[in-house]
Each structure stands twice: as structure tokens, then as C-alpha cells.
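First up is the structure itself, then whatever we jot down about it.
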Amino acid sequence: MRTIIFLLIVLAALPAWGQYSYPATASTALVFPHLVDGGAVDQRWKVTLVFTKPNTTNAANVTINFYGDYGNPLLLDFGAGPVSQIALTVAAGGSRTITSAGTSASMTTGWGFAISTVPVLGTILFQASRNGTPFWDVSAPGTGPTYFYTSYANENLGVAFANT
């Protein structure tokens, strides 16, 4: 009986162990294979990137580069003017969120590549609005720095590929 209880405790702890399975000094690369921004007022998109630092040891310095569908630098406005690269810091045990302004008159698509000095988790969120009223939200959780992989696949999920 003690063996069964011990095994149940170990199995229950495995998902939590995954966030600490990499050394605190390892680097992380995250690919966001699809993003969309701007568009006409009847369907305007914003993209949000959320970075979370589960380990409480060090802050993470993250650099995100944005590329168009053909690999050229993609300019996105996150509130300080159009840029193709953003550098930010995620506090140890914290999170950091950036959201595009979505003000481009034409819909822009592309992908992003983030490099971090220490492991972070990354999620991309899409929001579509019609005449300023949000009507659709979609998120795509990243696999992050863990040995364990969870698939959110279902019959309605689309897949995008990026050739870095």
C-alpha cells in the first residue's frame, strides 16, 4: 500500500517537476509560427505575446524578432512605433505581456522568433475586432522549456509551419 501511495505522489508531482528540469542558466528559443496584425475595421487583428518565467531564480532577457511570410523583417507597432525586434525582461517567477496596436490598414501576417537567456514559457494570443468590438479570441500555448509536451490539438485546430 505504501508503494502505491508513493507512486501516486511521484506521478502527481511530475508535471510540476518539468518546469525545473532545465538548469536555471539554460537558454531558450521559441518559435511563434503564425501571427496576424491589423486589417480593415470590419476585421482588425491584434497579437499578444505572453512570456512567463516559472523558475524564481533569475530574470529572463527575451529578444523577439518578427518576420514576414517570406522571411523579411516584419514591422509591428506595440505602442512605441513600428519595430521588427523587441527586447524585454521577465522577472523571476513573473510574466510579461506585450500587445500590438493593430492599427495597420491592411492585414499583416508573419511569424516570430524569441530567444531568452533563461527558460521561459511563451504563448501567443490573437484577437479580432469588428468596428472596435472584439468578437474572436484565440490562444496558442507554446511547449516551453520542459521535457513534457501537452497537445491542445482538436478537430478545429489549424497548424502553421515556419522555415527559420
Side-chain angles (χ1 to χ4, degrees), residues 15-16 18-19 27-56 58-146 148-164:
Q19 67 183 345
S27 64
T28 301
L30 298 168
V31 175
F32 300 99
H34 180 69
L35 56 89
V36 61
D37 186 69
V41 293
D42 62 334
Q43 186 174 341
R44 181 156 292 163
W45 292 87
K46 289 183 180 183
V47 63
T48 299
L49 295 169
V50 180
F51 295 94
T52 305
K53 176 73 177 58
N55 189 307
T56 57
N58 307 11
N61 296 312
V62 181
T63 302
I64 311 118
N65 290 292
F66 301 103
Y67 300 96
D69 290 334
Y70 298 102
N72 52 317
L74 176 65
L75 297 175
L76 297 174
D77 186 358
F78 287 90
V83 294
S84 64
Q85 183 182 77
I86 292 180
L88 53 88
T89 300
V90 182
S95 67
R96 183 79 187 268
T97 302
I98 57 171
T99 301
S100 69
T103 55
S104 175
S106 61
M107 188 182 307
T108 304
T109 60
W111 57 282
F113 181 72
I115 295 181
S116 174
T117 54
V118 293
V120 293
L121 302 171
T123 303
I124 189 166
L125 303 113
F126 304 93
Q127 182 186 69
S129 62
R130 184 174 290 127
N131 299 317
T133 304
F135 71 92
W136 198 37
D137 292 305
V138 178
S139 66
T143 58
T146 178
F148 303 101
Y149 174 73
T150 302
S151 175
Y152 295 89
N154 62 48
E155 67 276 2
N156 298 317
L157 179 68
V159 178
F161 294 95
N163 182 356
T164 60

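The structure displayed is predicted, hence computed values, not measured ones.
Atom OG1 of T103 is separated from atom NZ of K46 by 9.0 Å, given to the nearest 0.5 angstrom. Here Q127 contributes atom CD and W45 contributes atom CH2; the two are 9.5 Å apart, rounded to the nearest 0.5 Å. Here R130 contributes atom CZ and W136 contributes atom CH2; the two are 11.5 Å apart, rounded to the nearest 0.5 Å. Taking CG of D77 as the start and CG of D37 as the end, the distance is 8.0 Å to the nearest 0.5 Å.
Tested against L49 for a side chain to side chain contact (heavy atoms under 4.5 Å, CB included), the candidates T123, L125, I98 yield a single pass: I98.
Within the 3.5 Å criterion, the main-chain N or O of V47 finds a donor-acceptor partner in the side chain of S100. A donor-acceptor pair is defined here as one N or O able to donate and one able to accept, closer than 3.5 Å; such a pair exists between the side chain of K53 and the backbone of N58. The backbone N or O of S106 sits less than 3.5 Å from a side-chain atom of S104, completing a donor-acceptor pair.
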Side-chain donor-acceptor pairs of residues 78-97 under 3.5 Å, sequence neighbours excluded:
residue: Q85; atom: NE2; partner: N65; partner atom: OD1; Å: 2.7
residue: T89; atom: OG1; partner: N61; partner atom: OD1; Å: 3.2
residue: R96; atom: NH1; partner: T89; partner atom: O; Å: 3.2

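Scanning for side chain to side chain donor-acceptor pair (under 3.5 Å) contacts around T99 gives T48, with sequence neighbours left out.
When every heavy atom of A114 is checked against every heavy atom of F32, the shortest pair comes out as CB-CE1, 4.1 Å. Here the closest non-hydrogen pair linking P134 and G132 is CD-O, 3.6 Å.
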Task: Verdict with reasoning, Y67 to W111, per ring-ring contact (aromatic ring centres under 6.0 Å, His included) - done: CA-CA 5 Å; Y67 300 96; W111 57 282; 4.7 Å; yes

Let's go through T109 and D69 carefully: what are the C-alpha distance in whole Å and the side-chain angles of both, what is the deciding distance for side chain to side chain donor-acceptor pair (under 3.5 Å) to 0.1 Å, and is it a yes or a no?
CA-CA 7 Å; T109 60; D69 290 334; 2.5 Å; yes

Working for side chain to side chain contact (heavy atoms under 4.5 Å, CB included), residues T108 and L74: CA-CA 9 Å; T108 304; L74 176 65; 3.0 Å; yes

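Counting heavy atoms from C-beta outward, F113 and I64 have side chains that stay 4.5 Å or more apart. You'll find the side chain of N55 stays beyond 4.5 Å of the side chain of V118, heavy atoms only. T133 is not listed as a side-chain neighbour of F135, based on a closest heavy-atom distance of 4.5 Å or more. The shortest side-chain heavy-atom distance between H34 and F126 falls under the 4.5 Å cut-off. Side-chain contact check for F51 versus L121: every heavy-atom pair is 4.5 Å or farther apart.
The number of heavy atoms from other shown groups lying within 6.0 Å of OH (Y70) does not exceed 12.
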